[in-house]
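Comments concern the structure below.
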Amino acid sequence: GPQSVADEEHVRLLTEFRRELTLLRGGSDQSLGPLQDLADRLCADFDRCDAADVLAFYASLPPRARRDGLQAEQRYLELRRQVFEAGQSGLSGSDWARERDTILAELRALVLEVQVDSDFVPAAQALVLCSQIELQRVESSPHLTAAETAAALDQLAQDSRDAMALFEAAGQVTPQLEPLGMLARLDRLRGQPERAGALFETCYEQATRVQNDFFREQALQGLLALASDAGDVAEQERQLRRLASFRAPNESWTTARGWGQLLLNADHPERALELVEHYAPEENAHPTDRMD
């Protein structure tokens, strides 16, 4: 339909914008003209006026700072790949603890190296990855004391806020969604459901604005979890309906599992089991897709 044609054009323009931006960062000033045209079109046709802010940030940097930023980003991407591969290979226990500490030290070093007058986006990216690794450590380490957990969560919150501030200073809206969602999850962990709910809602609105369904779903998953914590079935159903407006059960394990849970609550165990078995993730799915 016309919507999918528009979506395709939106994605095409964004892809082209990113490609030209990489060329600009690599040292090609010839990309400035095409980038300005793309930013104008994204703003006029898709209300994506954030592209102009992103361009303004990179255009304001001296060529050397742009090149250094591109190199720093390559280092960040390499560290992120190591984290992903450790997850894929099931690295755990002391082996993962050693690998994790090494990666965290390198990420922190990357953050410290990046100067204020340079491309500081890789520092923001590194901070987000630090917070993800640390959250996983807190959630999977039952032996941490209350004081250690509190200190780790404070550090996490600081990393997430710092990352958001840097992304904002660079005119980048979409990358702020990850640390914003992280702050919401932290508030839920700390037993502050009202604050968590408000942040998940903000995350949902921002994700809708930049047409990012992945983070829309993540935000709704958070709101669903809060409703589940509170035992509020009506609220669970409301959030599931929001989720079902753009995610069918066969596209989203959360949607399928959520409906299954509601059917179970409503005393339809056979239908619940049928639904959940039908939509369960593949055995070889990444561990995060199989998380409860």
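- Within 6.0 Å of CG in Asp101 there are more than 12 heavy atoms belonging to other residues, nucleotides or ligands.
- Ring centroid separation for the pair Phe57 and Phe120 comes in under the 6.0 Å cut-off.
- Counted by atom type alone, Glu134 and Gln155 present zero donor-acceptor pairs between their side chains at under 3.5 Å.
- Between Glu9 and Arg41, at least one side-chain nitrogen of the basic residue sits less than 4.0 Å from a carboxylate oxygen of the acidic one, meeting the salt-bridge criterion.
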For Val54 and Phe17, what are the C-alpha separation, side-chain angles and deciding distance, and is it a side-chain contact (heavy atoms from CB on, under 4.5 Å)?
-> CA-CA 10 Å; Val54 171; Phe17 183 82; 4.1 Å; yes
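- Under the 4.5 Å side-chain criterion, counting only non-hydrogen atoms from C-beta, Leu177 is not in contact with Met182.
- Leu189 CG to Leu135 CG: the interatomic distance, rounded to the nearest 0.5 Å, is 6.0 Å.
- With rounding to the nearest 0.5 Å, the separation of OG in Ser31 from CZ in Arg25 is 12.0 Å.
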With salt bridge (charged side-chain N to carboxylate O under 4.0 Å, His left out) as the test, would you mind laying out the steps for Glu8 and Arg12 before giving the verdict?
-> CA-CA 6 Å; Glu8 278 174 26; Arg12 191 188 71 74; over 6 Å; no
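- With no hydrogens or angles considered, a side-chain donor-acceptor pair links Gln158 and Arg161 at under 3.5 Å.
- For Gln82 and Glu78, the side-chain atoms include at least one donor-acceptor pair closer than 3.5 Å.
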Show your reasoning for whether side chain to side chain donor-acceptor pair (under 3.5 Å) applies to Glu73 and Gln125.
-> CA-CA 8 Å; Glu73 189 171 81; Gln125 294 169 323; 3.2 Å; yes
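- The local environment of CZ in Arg64 is sparse, with at most 12 non-hydrogen atoms from other residues, nucleotides or ligands closer than 6.0 Å.
- Checking Glu235 against Gln239 by side-chain atom types alone, a donor-acceptor pair falls below 3.5 Å.
- Using modelled atom types, one finds a donor on one side chain and an acceptor on the other under 3.5 Å when comparing Gln132 with Glu178.
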